[in-house]
K.L.:
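A single structure is presented below for examination.
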Amino acid sequence: MGMRKGLRIYGALICCCLLLTGCGRVGGREPANPENQSKASQGAGNQDAENQSKESQGEESWDAKNQSKESQGEENQDTEDRNAENPSHEPGGEETEISEFEFTICFAGDINLDESSATTLFMDSQENGIYDCISPELIAYMNDADIMCLNNEFTYSTGGAPLEGKKYTFRADPSRVEILKLLGVDAVTLANNHVYDYGKEALLDTFTALEEAEIPYFGAGRTLEDAMKPLYIEAGGRTVALVGASRAEKYKMTPQATETEPGILRCYDTELYKAAIAEAKENADFCVAFVHWGTEYSFDLEQVQLDTGKEYLDAGADAVIGAHSHCLQGLEYYKGKPICYSLGNYWFNKKTLDTMLVQLHFSGDDQGSSLWVEIIPAIQTGCRTVYAAEEEEQRRIFDFLEDISVNVEITDEGVVKEIP
């Protein structure tokens, strides 16, 4: 993880509403700049401190002038009056600090660096590699986010053998992990149906490649305990937990980890996943559940998505992000919390498909917090993923998302709003 974000990772979204200010996007609206926002907050904090200091000095002078009062009772009453007039002060004149925060988590869907896939072959033929495959506007969003996370739908290895009977298997050379760094990726989910395509050896190689590149992962591990373990990341002075699981295979060829064997965390039965979410929420300020589910190339939601997505929010998640369908699926709000059912392909094959980045914007202070969702529209086509810069094209994607969603509308700026 680079110094541009200043994130600290260790180990292993409460009140949600829509804020319609501060959103930005390249081409018609400016991308949000967390660094500038942080500086603005710091400046406001410094001014508050200066005003409070001056006020405190004034109070001390007032005390000195009134030391000649005839009774201690009068002095005590004066102190109580001053505290009532200045609620930011504790009894005794001590200031109460209010800690403010603001940060953005950006999510992308499926990415594929398999050596024989059309995307990788195309990238290798381009002068600027991945920079000729994904629009600079999109890469800027990815790098500017405080946390950037995507679905790593392949394995990093030169070993192993393709699983017998599996139609599509994906394997990338471990050196390809450096591409994630170019894209600003801070974390990946491995809870999917392709991370075990070349068996146990290649899965273990995948863990090693990501660990050596210092890119944290979640949703899979060397043991079940590891696979269930939330990934904790600090952003904006708050702790965010990411938890992943998968229920994407009819024949369940990707194994769930056990006490002694590596694998992923599955959520065909939701109990283990809900337990992991509850643990994450207990130990973090915000929790996002990233789940692999749904029917491939279908815009229709499975009933199990509609049902279990709400279970994950009830278990403690502040937002649910989905992948696997290889196409966009809709959004829904439940008890004020967002579910994005599928991000679709981000850069996965040469099909022409609508796609997007989803940004979760968190802000607040010790007394409360808020979350609003922003869509960055894009199109995957001909082994490239390009930002939808034209307003007409953006509106087309937003309208389509509204049509396949449950209870949302999307503004021209890409802000997702709940329909009551």
Side-chain angles (χ1 to χ4, degrees), residues 107-117 119-120 149-157 160-172 176 187-207 209-210 217-222 224 226-228 242-258 261-270 272-273 276 289-298 300-302 304-305 308-309 312 320-329 340-349 351 353 355:
F107 291 91
D110 308 336
I111 191 169
N112 186 12
L113 299 175
D114 170 66
E115 295 300 325
S116 61
S117 291
T119 47
T120 304
C149 179
L150 53 71
N151 176 46
N152 194 111
E153 187 117 0
F154 57 93
T155 185
Y156 294 99
S157 181
L163 291 184
E164 186 177 349
K166 192 160 191 181
K167 185 176 181 180
Y168 299 106
T169 55
F170 304 129
R171 180 178 62 176
R176 300 287 187 182
V188 297
T189 177
L190 297 181
N192 58 59
N193 57 308
H194 285 292
V195 74
Y196 201 81
D197 280 358
Y198 283 75
K200 176 179 175 179
E201 177 186 350
L203 177 61
L204 293 173
D205 287 345
T206 299
F207 298 154
L210 289 166
Y217 57 87
F218 58 98
R222 294 179 174 85
L224 180 58
D226 289 342
M228 292 180 62
L242 301 174
V243 191
S246 176
R247 52 158 299 121
E249 294 175 291
K250 182 178 180 180
Y251 300 109
K252 301 181 183 179
M253 300 180 73
T254 305
Q256 176 161 285
T258 69
E261 291 295 318
I264 66 169
L265 175 61
R266 291 175 174 174
C267 56
Y268 299 92
D269 181 321
T270 62
L272 287 178
Y273 193 32
F290 202 150
V291 58
H292 213 64
W293 58 5
T295 303
E296 293 184 350
Y297 296 108
S298 173
D300 297 327
L301 299 172
E302 296 179 357
V304 70
Q305 292 174 275
T308 61
Y312 304 146
V320 173
I321 301 293
H324 175 63
S325 66
H326 297 303
C327 64
L328 295 181
Q329 291 184 335
C340 178
Y341 283 105
S342 182
L343 299 171
N345 286 351
Y346 186 60
W347 186 68
F348 191 82
N349 56 30
K351 293 178 182 292
L353 296 164
T355 186

K.L.:
Indicate yes or no: at least one non-hydrogen side-chain atom of T295 is less than 4.5 angstrom from one of D300.
P.N.:
no
K.L.:
Would you find a donor on one side and an acceptor on the other, under 3.5 Å apart, between the side chain of W293 and the backbone of Y341?
P.N.:
yes
K.L.:
Any sub-3.5 Å donor-acceptor pair from Q329's side-chain atoms to G344's backbone N or O?
P.N.:
no
K.L.:
Tell me if a side-chain donor or acceptor on Y312 pairs with a main-chain N or O of T270 at a distance below 3.5 Å.
P.N.:
no
K.L.:
Is the shortest side-chain heavy-atom distance between Y297 and N345 below 4.5 Å?
P.N.:
yes
K.L.:
Does CD in E164 sit with more than 12 non-hydrogen atoms of other residues, nucleotides or ligands closer than 6.0 Å?
P.N.:
no
K.L.:
Identify the two heavy atoms, one from C327 and one from S342, that lie closest to each other, and give their separation to 0.1 Å.
P.N.:
O-OG, 3.3 Å
K.L.:
Do any N or O atoms from the side chain of E261 and from the backbone of T258 form a donor-acceptor pair under 3.5 angstrom?
P.N.:
no
K.L.:
Does any part of the side chain of L190, heavy atoms only, come nearer than 4.5 Å to the side chain of L210, both counted from C-beta?
P.N.:
yes
K.L.:
Start with the C-alpha distance between F170 and L113, add both sets of side-chain angles, then the distance that settles side-chain contact (heavy atoms from CB on, under 4.5 Å), and finish with yes or no.
P.N.:
CA-CA 8 Å; F170 304 129; L113 299 175; over 6 Å; no
K.L.:
Should the pair H324 and H326 be assigned to parallel (<30°), tilted (30 to 60°) or perpendicular (>60°) ring geometry?
P.N.:
tilted
K.L.:
How close do S246 and A191 get, counting heavy atoms only, and between which atoms?
P.N.:
CB-O, 3.5 Å
K.L.:
Looking at every non-hydrogen atom in both residues, tell me the closest pair between A257 and G221 and how far apart they are.
P.N.:
CB-O, 4.1 Å
K.L.:
Hey, are the side chains of V291 and V320 touching, using non-hydrogen atoms and a 4.5 Å cut-off?
P.N.:
yes
K.L.:
Enter the distance from T254:OG1 to N192:CG here, rounded to the nearest 0.5 Å.
P.N.:
7.5 Å
K.L.:
For a 4.5 angstrom cut-off between non-hydrogen side-chain atoms, does T308 reach Y268?
P.N.:
no
K.L.:
Looking only at atom types and distance, does a side-chain atom of S117 sit under 3.5 Å from a main-chain N or O of T120, one as donor and one as acceptor?
P.N.:
no
K.L.:
Evaluate side-chain contact (heavy atoms from CB on, under 4.5 Å) for N193 paired with M253, printing each intermediate quantity in order.
P.N.:
CA-CA 8 Å; N193 57 308; M253 300 180 73; over 6 Å; no
K.L.:
Where is the tightest heavy-atom contact between A323 and F290, given as atom of each residue plus distance?
P.N.:
CB-CE2, 3.9 Å
K.L.:
To the nearest 0.5 Å, what is the distance between CG on N112 and CZ on F154?
P.N.:
6.5 Å
K.L.:
What's the verdict on side-chain contact (heavy atoms from CB on, under 4.5 Å) for H194 and N151, showing C-alpha distance, side-chain angles and the deciding distance?
P.N.:
CA-CA 11 Å; H194 285 292; N151 176 46; over 6 Å; no
K.L.:
Can you give me the closest heavy-atom contact between A276 and V243, atom names plus distance?
P.N.:
CB-CG1, 3.7 Å
K.L.:
Let's go through L272 and L265 carefully: what are the C-alpha distance in whole Å and the side-chain angles of both, what is the deciding distance for side-chain contact (heavy atoms from CB on, under 4.5 Å) to 0.1 Å, and is it a yes or a no?
P.N.:
CA-CA 8 Å; L272 287 178; L265 175 61; 4.1 Å; yes
K.L.:
Taking Y196 as the fixed residue, which of L203, T155, I264, T206 is the one that meets the side chain to side chain contact (heavy atoms under 4.5 Å, CB included) rule?
P.N.:
L203
K.L.:
With rounding to the nearest 0.5 Å, note down the distance linking OH in Y198 to OG1 in T169.
P.N.:
3.5 Å
K.L.:
Quick one: do R171 and D197 make a salt bridge, cutoff under 4.0 Å?
P.N.:
no
K.L.:
Tell me, do F218 and T189 make a side-chain contact under 4.5 Å, heavy atoms counted?
P.N.:
yes
K.L.:
Aromatic rings F207 and Y217: how do their planes relate, parallel, tilted or perpendicular, breaks at 30° and 60°?
P.N.:
parallel
K.L.:
Under a 4.5 Å cut-off applied to non-hydrogen side-chain atoms, are W347 and L150 in contact?
P.N.:
no
K.L.:
Any idea which heavy atoms bring V188 and N152 closest together, and the distance?
P.N.:
CB-CB, 3.9 Å
K.L.:
So, does R176 use its side chain to make a donor-acceptor pair with the main chain of D114 at under 3.5 Å?
P.N.:
no
K.L.:
Determine, stepwise, if the pair E201 / S157 fulfils side chain to side chain donor-acceptor pair (under 3.5 Å).
P.N.:
CA-CA 8 Å; E201 177 186 350; S157 181; 5.3 Å; no
